[in-house]
**Student:** 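First the structure, then my questions, so here it is.
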Amino acid sequence: MSGIRLAKLPDRTPIKLTISINPELSRALARYAQFYQTAYRQEVAVAELVPAIAQAFLESDKAFIRWCREAIDRNA
């Protein structure tokens, strides 16, 4: 061990995911991109927002977080 305090960085290789969404969700995402632009005065493409939206959702789902923690405990 070299004494470095920072842990080794995880794999950050992007993984491309292609999905199909319904027109209603497409419109909602476009509106969210407009909302984001209004809030931050910065235009961002929907495709750039979707990963952040998904990540925020997963990080805020308390039942999912609890399930993951329990799954890790079961496998430890």
Side-chain angles (χ1 to χ4, degrees):
M1 184 64 65
S2 65
I4 187 169
R5 292 185 57 96
L6 181 65
K8 185 176 179 184
L9 296 176
D11 183 4
R12 297 180 314 275
T13 305
I15 299 170
K16 185 174 178 109
L17 176 66
T18 303
I19 63 169
S20 297
I21 59 174
N22 64 42
E24 183 179 331
L25 179 55
S26 179
R27 287 188 294 273
L29 289 169
R31 286 192 304 270
Y32 194 87
Q34 291 173 334
F35 176 56
Y36 183 94
Q37 182 177 1
T38 300
Y40 292 110
R41 308 253 189 269
Q42 179 181 8
E43 188 173 347
V44 177
V46 169
E48 294 179 38
L49 287 173
V50 169
I53 292 168
Q55 185 71 39
F57 174 81
L58 292 175
E59 290 173 354
S60 68
D61 188 324
K62 294 188 186 321
F64 176 66
I65 293 167
R66 185 172 41 257
W67 180 84
C68 287
R69 208 174 299 127
E70 290 168 0
I72 290 170
D73 289 344
R74 282 191 301 271
N75 293 327

**Student:** Nearest 0.5 angstrom please: R27 CZ to I21 CD1, how far?
**Tutor:**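 If I round to the nearest 0.5 Å, the distance is 10.0 Å.
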**Student:** For I15, look at atom CD1 and say whether over 12 heavy atoms of other residues, nucleotides or ligands are found less than 6.0 Å away.
**Tutor:** no
**Student:** Mind checking whether Y40 and Y36 have parallel, tilted or perpendicular rings, split at 30° and 60°?
**Tutor:**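 Ring orientation of Y40 relative to Y36: tilted.
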**Student:** Verify side-chain contact (heavy atoms from CB on, under 4.5 Å) between F57 and I53, making sure each step is shown before the conclusion.
**Tutor:** CA-CA 6 Å; F57 174 81; I53 292 168; 5.5 Å; no
**Student:** State the CZ-CZ distance between R74 and R69, to the nearest 0.5 angstrom.
**Tutor:**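 With rounding to 0.5 Å, CZ (R74) is 12.5 Å from CZ (R69).
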**Student:** In terms of hydrophobic clusters joined by side-chain contacts under 4.5 Å, are L25 and V44 together?
**Tutor:**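 Yes.
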**Student:** If you group Ile, Leu, Val, Met, Phe, Trp and Tyr by side-chain heavy-atom gaps below 4.5 Å, do I19 and V46 land in one group?
**Tutor:**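 Linked, I19 and V46 end up in one cluster.
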**Student:** Could you go through L49 and L29, starting from their C-alpha distance and side-chain angles, then the distance that decides it, and tell me whether this counts as side-chain contact (heavy atoms from CB on, under 4.5 Å)?
**Tutor:** CA-CA 9 Å; L49 287 173; L29 289 169; over 6 Å; no
